[in-house]
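Letters go in sequence order (proteins before strands), and every chain restarts at 1. This structure is a prediction, so every number in the text was calculated from the model and none was measured.
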Amino acid sequence: MDESNSSPLSDFIRDIIDEDMKTGKHQGRVATRFPPEPNGYPHIGHAKSVCLNFGIAAQYGGTCNLRLDDTDPSGESMEYVESIIRDVKWLGFDWQDRLYYASDYYDKLHRFAVQLIRMGKAYVCDLGVDEIREYRGTLTQPGRESPWRNRSVEENLSLFERMRAGEFDEGTRVLRAKIDMNSPNVTMRDPIMYRIKKVNHYRTGDSWCIYPMYDFAHCLSDSLEGITHSICTLEFENNRPLYDWFLEALNVIPRPQQIEFARLNLSFTVLSKRKLIELVGKGVVGGWDDPQMPTLSGMRRRGYTPEAIRDFCERIGVSKNDSLIDMALLENCVREDLNEKAPRVMAVLRPLRVVIDNYPEGRVEQFDCPYHPKNTEMGSRIVPFSRVLYIEQDDFMENPPKKFYRLAPGREVRLRYGYYIKCVGVAKNPDTGEVLEVRCTYDPETQSGFAPDGRKVDATIHWVSAAHSLPAEVRLYDRLFRVADPLGGGADFTEYLNPQSLEVLGTCRVEPSLAEAMPENRFQFERLGYFIVDQVDSRRGNRVFNRTVTLRDSWAKIAEKGAKR
RNA sequence: UGGGGCGUCGUCAAGCGGUAAGACACAGGAAUUUGGAUCCUGCAUUCGGAGGUUCGAAUCCUCCCGCCCCAGCCA
């Protein structure tokens with residue numbers, strides 16, 4: 001990919017930064033951060049944020065931190081931290097030594113909280129969960145002040161210390177910011193800063209039983225790290241006044257600026273962590289790294305390249321519009337990348353036996369076939385040819401429709417890098433009518449791919465020598481959902497799962513050169529699509545290939561139209 | 001019927017008062033030892049709607065309509 005001549009990226013966030021650079025707002029500094037909560041595996045939506053944050057830092061000569069925003073120990077774990085680290089690295093980004101955890105700031109955050117109490121801007125509230133909700137009011141009705149709102153500083157200090165000491169049960173007390181119960185913005189109605197959770201934290205263990213809330217922790221973490229532009233998604237727009245409130249109240253320096261952009265939505269899949277957890281939990285998919293998942297680990301296993309994902313993230317742009325990106329764009333990005341990189345190879349997914357009647361029994365020829373039609377530097381491999389071959393079932397039709405121009409009785413086609421063959425007979429199961437074998441003759445003069453007499457052939461099909469080919473399992477992946485917007489259909493999203501999202505083919509045959517294929521090697525199976533050797537299940541004795549994406553298939557479109565008629 | 005956002009081609013998205021970029025998708029065609037890749041061509045007289053300001057508006061003003069977010073001791 002040649003990115004050297006592409007114009008620098010531009011969007012409303014970069015416009016803001018350009019302006020800030022001009023006015024010297026942050027002393028000309030740009031510092032961003034990618035702040036995932038380690039409670040799930042990162043997905044393609046996170047990739048958008050990763051590319052944005054790291055991309056901006058790189059573009060402006062700034063830095064981007066990786067910060068694990070672990071303020072709620074329930075649901076967070078080291079496994080998730082590891083997946084995040086692994087996947088962001090895999091995507092191609094480097095935070096150097098700036099790996100941070102919100103949990104590393106617990107002491108400092110605690111001190112900030114005490115400071116707010118001292119200033120009379122925070123108080124311990126004894127209301128229960130339901131009462132707090134009730135006192136908060138509704139979207140159209142203002143809230144009421146808590147009866148505990150005006151405790152003395154001393155009492156608040158002592159109560160907060162006792163909260164920390166574990167003297168109170170979960171849900172019995174919280175620390176709240178004293179802001180405005182009448183605010184039309186519900187977020188500002190005395191938001192909770194700390195809650196009691198007697199839960200073991202995957203990093204701090206049992207040293208805390210009170211944990212800071214996102215709104216309190218995030219802005220201060222940003223300030224502590226010297227973040228200049230705190231980029232987050234649209235749903236936090238309502239929280240911005242609160243983000244600013246804490247920074248202002250504590251008068252901290254530096255003062256980061258929150259900017260919100262629209263999160264990614266992708267057609268035919270879901271990108272909500274909650275929904276993905278559900279798919280994993282229910283066993284709908286095999287795990288977070290199932291190739292059907294839009295997680296980075298799933299996409300990696302599916303065969304997506306980091307380059308393709310980054311390219312995609314650039315192409316979709318950054319705005320504040322709620323959008324649903326067409327999965328076709330993502331698919332286009334991988335195809336474009338893999339078209340350049342993937343060596344071509346032949347594999348037959350649904351084998352149909354072909355016997356070449358006039359080819360000598362026992363004879364074997366070795367064809368030297370290039371790995372790439374354009375890029376000769378990729379070299380070539382030897383493909384053996386013999387009397388009995390396998391071709392794709394789809395490439396033969398006994399009664400072909402008008403636009404089908406592959407093999408059929410009496411028809412001649414070219415075997416890729418091989419001879420012209422002509423169908424002279426069909427062997428069928430007398431009971432079912434199923435085609436068991438096709439009989440052909442070959443023209444020995446056509447090994448170059450052309451006939452000396454100049455006669456043309458309509459199609460070129462792929463093949464594999466029956467005796468020399470290797471068995472393989474191929475997993476055909478398709479879109480996870482049948483509908484573009486599984487969340488917008490009215491029914492539960494799982495109702496829209498695509499039953500054909502995964503099809504496992506156990507009797508495939510691949511050319512012998514693939515004996516050398518290593519896990520995560522990618523190939524184009526000619527005329528079929530791009531495939532990758534599965535990183536977890538593939539063995540020498542049991543090769544497993546995952547289909548990343550099909551090739552563009554204009555025949556499929558024609559066939560589909562024909563079927564609809 | 002509170003507040004905060006957003007509405008430009010099927011899907012994204014430029015545009016920032018001077019007369020609608022680009023990408024994907026789609027449709028044709030050329031060429032082709034992958035019905036692939038490649039290459040051409042076409043694809044918004046119109047910017048959610050209605051008024052207004054202006055010589056001139058997607059861009060400014062007014063009103064209306066639609067969609068999204070917020071009432072977790074989640075982030």
Side-chain angles (χ1 to χ4, degrees), chain A residues 10-11 15 35-37 39 69-72 74-75 125 127-129 132-134 136-143 170-176 183-189 191-197 210-211 213-215 217-218 232-241 260 262 267 273-274 312 314-333 335-336 339-340 344 346 369 372-374 403-406 413-418 420 446 448-450 457-462 484 524-529 550-559:
Chain A
S10 170
D11 51 63
D15 289 346
E37 184 190 11
N39 64 348
D69 200 10
D70 51 358
T71 57
D72 178 3
S74 44
C125 179
L127 257 24
V129 182
I132 286 201
R133 186 185 311 122
E134 195 188 318
R136 189 154 33 219
T138 68
L139 295 179
T140 51
Q141 288 169 288
E170 285 187 18
T172 59
R173 267 172 248 257
V174 290
L175 182 71
R176 293 230 248 171
S183 173
N185 181 352
V186 185
T187 309
M188 299 297 274
R189 318 236 262 230
I192 292 167
M193 294 164 57
Y194 272 90
R195 74 292 214 185
I196 298 168
K197 276 198 185 225
I210 56 172
Y211 293 93
M213 296 286 289
Y214 166 86
D215 288 304
H218 205 90
C232 63
T233 44
L234 247 31
E235 65 271 27
F236 290 102
E237 241 162 350
N238 296 317
N239 303 46
R240 191 172 62 228
E260 311 85 10
S267 64
K273 228 189 277 181
R274 277 260 241 276
F312 170 76
E314 286 188 9
R315 291 205 209 190
I316 56 179
V318 180
S319 76
K320 300 188 74 156
N321 302 339
D322 276 317
S323 59
L324 182 63
I325 306 282
D326 192 340
M327 176 67 91
L329 178 62
L330 215 208
E331 293 172 341
N332 172 74
C333 290
R335 285 195 189 103
E336 212 172 278
N339 178 45
E340 305 271 309
R344 271 59 168 174
M346 291 194 284
C369 309
H372 194 104
K374 299 246 176 16
K403 286 185 176 167
F404 181 92
Y405 49 84
R406 282 121 73 156
V413 299
R414 173 168 43 226
L415 292 176
R416 178 75 159 155
Y417 297 127
Y420 281 17
T446 55
S448 66
F450 295 97
V457 105
D458 285 332
T460 299
I461 66 174
H462 61 277
Q524 183 197 102
F525 287 176
E526 293 222 26
R527 304 208 303 134
L528 297 174
T550 61
L551 253 29
R552 239 188 223 99
D553 189 351
S554 46
W555 163 245
K557 285 178 190 167
I558 295 168

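Checked against C74(B), C69(B), U34(B), the side chain of Asn238(A) finds its nearest nucleotide in C69(B). Side-chain proximity of Asn339(A) to the nucleotides G3(B), A75(B), A37(B) is greatest for A37(B). Closest approach to the Val186(A) side chain among G36(B), A71(B), G5(B) is made by A71(B) (side chain taken as heavy atoms from C-beta onward). Closest approach to the Asp72(A) side chain among A71(B), A75(B), A37(B) is made by A75(B) (side chain taken as heavy atoms from C-beta onward). Side-chain proximity of Asn321(A) to G5(B), G7(B), G2(B): nearest is G7(B). Distances from the side chain of Asp326(A) to the nucleotides G10(B), A71(B), U34(B) place G10(B) closest. For Leu139(A), whose side chain is taken as the heavy atoms from C-beta onward, the closest listed nucleotide among A75(B), C12(B), C70(B) is C70(B). The side chain of Glu237(A) has G4(B) as its nearest neighbour among C73(B), U34(B), G4(B).
When the side-chain nitrogen and oxygen atoms of Ser323(A) are compared with OP1 and OP2 of C12(B), none of them lie within a distance under 4.0 Å. In this structure, Lys197(A) reaches the C74(B) phosphate: one of its side-chain N or O atoms is under 4.0 Å from OP1 or OP2. Between C26(B) and Lys557(A), a contact under 4.0 Å exists linking OP1 or OP2 to a side-chain N or O. Put simply, Arg414(A) has no side-chain N or O that comes within less than 4.0 Å of OP1 or OP2 on U34(B). Under 4.0 angstrom from either OP1 or OP2 of A71(B) there lies no side-chain N or O belonging to Arg189(A). Using a 4.0 Å cut-off, no side-chain N or O of Arg315(A) falls inside it from OP1 or OP2 of G22(B). Between Arg195(A) and A75(B), a side-chain N or O to OP1/OP2 separation shorter than 4.0 Å is present. Taking side-chain N and O atoms only, Thr71(A) has a distance below 4.0 Å to OP1 or OP2 of A75(B). Taking 4.0 angstrom as the limit, Arg552(A) places none of its side-chain polar atoms (N or O) nearer than this to OP1 or OP2 of U34(B).
Thr446(A) places a side-chain N or O within 3.5 Å of a backbone atom of Tyr420(A) that can act as its donor or acceptor partner. One N or O on the side chain of Asn185(A) and one on the backbone of Thr187(A) form a donor-acceptor pair closer than 3.5 Å.
Heavy atoms of Ile192(A) sit under 4.0 angstrom from at least one base atom. Among the atoms of the strands shown, none is found under 4.0 Å from any heavy atom of Val413(A). Within the 4.0 angstrom heavy-atom criterion, no nucleotide atom of any strand lies near Arg176(A).
Residue Ile132(A) contributes atom CD1, which lies 13 Å from atom C1' of A71(B) at whole-angstrom precision. At whole-Å resolution of the value, CG in Leu324(A) and C1' in C67(B) are 14 Å apart. If you take CG of Asn185(A) and P of G2(B), they are 15 Å apart, rounded to a whole angstrom. Remark: C1' of C69(B) and CE of Met188(A) are 17 Å apart, rounded to the nearest angstrom. To the nearest angstrom, P of A25(B) lies 14 Å from CG of Asp553(A).
Glycosidic torsion of G72(B) falls within 90° of 0, placing the base in syn.
When all heavy atoms of Lys197(A) and Tyr211(A) are compared, the pair lying nearest together is O-CE1, 3.3 Å.
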